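What follows is a single structure, written as C-alpha cells, with notes after it.
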Number of protein chains: 2
Amino acid sequence: MSQYGAIMASAEFVRVLSFFKALSDESRLKIVGALAANDRSVEELATLLDLRAPTVSHHLAKLKEIGLVDMRSEGTTHIYRINMSEMRTLAKRVLALDTIETLGEDLVEDAWDRKILGDFFEGQRLKEIPASRKKREVILRWLADRFQFDKRYPEKEVNTIIAKHHPDFATLRRELIGARLLARESGVYWRP
Amino acid sequence: MSQYGAIMASAEFVRVLSFFKALSDESRLKIVGALAANDRSVEELATLLDLRAPTVSHHLAKLKEIGLVDMRSEGTTHIYRINMSEMRTLAKRVLALDTIETLGEDLVEDAWDRKILGDFFEGQRLKEIPASRKKREVILRWLADRFQFDKRYPEKEVNTIIAKHHPDFATLRRELIGARLLARESGVYWRP
DNA sequence: CATCTAATTAGATCTATATCAAAATAACAA
DNA sequence: TTGTTATTTTGATATAGATCTAATTAGATG
C-alpha cells in the first residue's frame, strides 16, 4: 500500500507533496531560516529554537531526506548546511505552471459524469431533468452523444431520439441548442 | 497566545507557513490540480476525490482563506475556481531568496553564545577550553572582545589579558590568531 | 409555507506527527 | 580501555488536523 493513498500517485505528485510537507512545520521553517544565515550544529539549532536535540535531529532528517540540507561531521558534532541550489531547483519545479496542472492527472476524470448518469438514468430513461446547471450539463452531453457528427436531422427526428429518454423533448432540445451541443438552421439540426 | 508559538512571529513568516500548510495535504493538492483543469462544484470534487462533501468543504475553506481559490454561487451550488494570479504571486514571494533569509530573523541569534558562555565561564574564569570548534569559536569571540580595535598590544600584555580568564594563555593566543580574531606582526598584536 | 437540494457547521473519531526522556551509538580523549 | 560529548534512535505522549456522520443553513421550487 502506497504511503500516499490507495491509488498510486505519480512520482511528480509525490515529489511536490513531500516538498510542501517538509516546509509546512513551524520548527522546520525556522531551521531553514537559521541555516540560511549560517551553518549550524544540532545543539546550536536546539538552543536557538528552544527545543531538545532529538527533536531537531528529527526535523533535520526530514529536510535531509529531500535534499534541502546536507551535513558534515566535525568530530562528534554534525554541522548542517542549507542546500540552496536544491532549494532553488525544487522550488522552481514545484511552482511551474505545468506542474500544477499535472497534480490532477491521477484523478478519474469521468467519475463525476458516471455518477450523475447513474443517479438520473433508469436504463435508457432519464428519470428527471436535473435542476443544477452542473448536472444538467452532464445529461446534455450524454444526449448529444446520441447524435452523429456528420449527419443532418429534421426536427421531428431530433424529437424522436430525445423522447426515447425523456418525454419533455422540447425543453431538452432547446437546452441542447443553448449549450451549443446541437446547432440548428431553418428547421435542420446537426452536431457542431 | 499566538497560533504559531510563544514568540510572536513576523507577518511574513506566518504567510509563508500558511502557504506551505495549505498545500501540504494530499487531498488539497488534488483539489488544486482538479481546479487547474476546470471550475468545479463541491459535490463534483467530492466524487472525483472519493471523499464526503463536508471534507471537501473543509479543504476548500483552507484554500480560500489564503486566496488560492475563489467561489461563486449558482443557486445552491457553489462553484470553486483556482486563482492562478494569486497562486503565482504567493509562490513567487514565498520562494524568493530574500524571503528564505527572513525566516530566521525572529530567532534570538545570541541565545547560543549566551548558553556557551554560561556553560564554560565561572564569573570571569574560563573553566575549560571547549573541544568542539563550534563552542571554542564562541569563547574566542568573547576573548577577542577583551581587546580594543584601535590599540596595539605587545605579546606580554596579550598574555596577561588572556591569563585573567584561563591559565593556558599560549594556546588561546594561538587560537585567536588562527581564527583571525587577532593579528600579529613582529611581536605586536592588534584586532583586525 | 413546506419541501428539496447543495453546502456548511458542529461534534466525534482516528491518524499523523511533533515533542520529549531515556537508551543506544559514534567519535574522540585520557 | 574507560570516560566524555554530540548525535541519533527508540518508545511514549500529546497535539494537530483529516475525515466522517448528523444537524443546520441557504437557495430554489412547487
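Chain naming here is simple, since letters A, B, ... match the order of the sequence lines and numbering starts at 1 in each. This one's a predicted model, so the numbers in the text were calculated from it and none came from an experiment.
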Mind checking if [X] touches a base, just sugar-phosphate, or nothing, with heavy atoms under 4.0 Å?
| X | value |
| --- | --- |
| B:Ser27 | sugar-phosphate |
| B:Ser41 | sugar-phosphate |
| B:Thr77 | sugar-phosphate |

If you restrict it to nitrogen or oxygen atoms, what contacts under 3.5 Å exist between nucleotides 28-30 of chain C and the protein, and what is each distance?
none

Report the C-alpha separation of B:Lys135 and A:Glu43 in whole Å, then their side-chain angles, then the decisive distance to 0.1 Å, and conclude whether the salt bridge (Lys or Arg N to Asp or Glu O under 4.0 Å) test is met. CA-CA 10 Å; B:Lys135 296 184 178 177; A:Glu43 201 184 348; 3.0 Å; yes
Pair listing, salt bridge (Lys or Arg N to Asp or Glu O under 4.0 Å) test, anchored in [range], at least two apart:
| range | result |
| --- | --- |
| residues 68-77 of chain A | A:Asp39-A:Arg72, A:Asp70-A:Arg81, A:Arg72-A:Glu74, A:Glu74-B:Arg133 |
| residues 88-97 of chain B | none |
| residues 53-66 of chain B | none |

Using five pairs at either end of the helix from C:dC1-D:dG30 to C:dA30-D:dT1, determine the angle between the two local helix axes and round it to 10 degrees. 10°
Could you name each residue pair satisfying ring-ring contact (aromatic ring centres under 6.0 Å, His included) that touches residues 115-138 of chain A, not counting sequence neighbours? A:Phe121-A:Trp142
Tell me, which pairs form a ring-ring contact (aromatic ring centres under 6.0 Å, His included) where one or both residues lie in residues 73-114 of chain A, sequence neighbours left out?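 Listed by first then second residue: nothing to list.
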Send over the distance from [X] [atom1] to [N] [atom2], rounded to a whole Å.
| X | N | atom1 | atom2 | result |
| --- | --- | --- | --- | --- |
| B:Leu49 | D:dC20 | CG | C1' | 15 Å |
| A:Arg133 | D:dT29 | CZ | P | 14 Å |
| B:Glu65 | C:dT9 | CD | C1' | 15 Å |
| B:Lys64 | C:dA7 | NZ | C1' | 12 Å |
| A:Glu26 | C:dT19 | CD | P | 8 Å |

Does [N] have OP1 or OP2 sitting under 4.0 Å from an N or O in the side chain of [X]?
| X | N | result |
| --- | --- | --- |
| B:Lys135 | D:dT5 | no |
| B:Lys62 | D:dA18 | yes |
| B:Arg52 | D:dC20 | yes |
| A:Thr55 | C:dA18 | no |

Which pairs, protein N/O on one side and nucleotides 8-12 of chain D N/O on the other, fall under 3.5 Å?
| from | atom 1 | to | atom 2 | distance (Å) |
| --- | --- | --- | --- | --- |
| D:dT8 | OP1 | A:His78 | ND1 | 3.0 |
| D:dT8 | OP1 | A:Tyr80 | OH | 2.5 |
| D:dT8 | OP2 | A:Ser57 | OG | 2.5 |
| D:dT8 | O5' | A:Ser57 | OG | 3.2 |

Name all residues meeting the side chain to side chain contact (heavy atoms under 4.5 Å, CB included) criterion together with [X]; count only those two or more places apart in sequence or in a different chain, and write none if there are none.
| X | answer |
| --- | --- |
| A:Thr102 | A:Glu12, A:Thr99, A:Glu105 |
| B:Asn159 | B:Glu155, B:Phe169, B:Arg173 |
| B:Arg141 | B:Asp113, B:Glu137, B:Val138, B:Leu181 |
| B:Ala131 | none |

Which nucleotide in the list C:dT19, D:dC20, C:dA6 gets nearest to the side chain of B:Glu43? C:dA6
Between B:Ser24 and B:Glu128, which has a closest nucleotide on DNA chain D that is more 5'? B:Glu128
Between the side chain of A:Arg40 and the main-chain N/O of A:Ala34, is any donor-acceptor distance below 3.5 Å?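 Judged by distance alone, yes, a pair lies under 3.5 Å.
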Taking A:His165 for the side chain and A:Gln124 for the main chain, is one N or O donor matched with an acceptor at less than 3.5 Å? yes
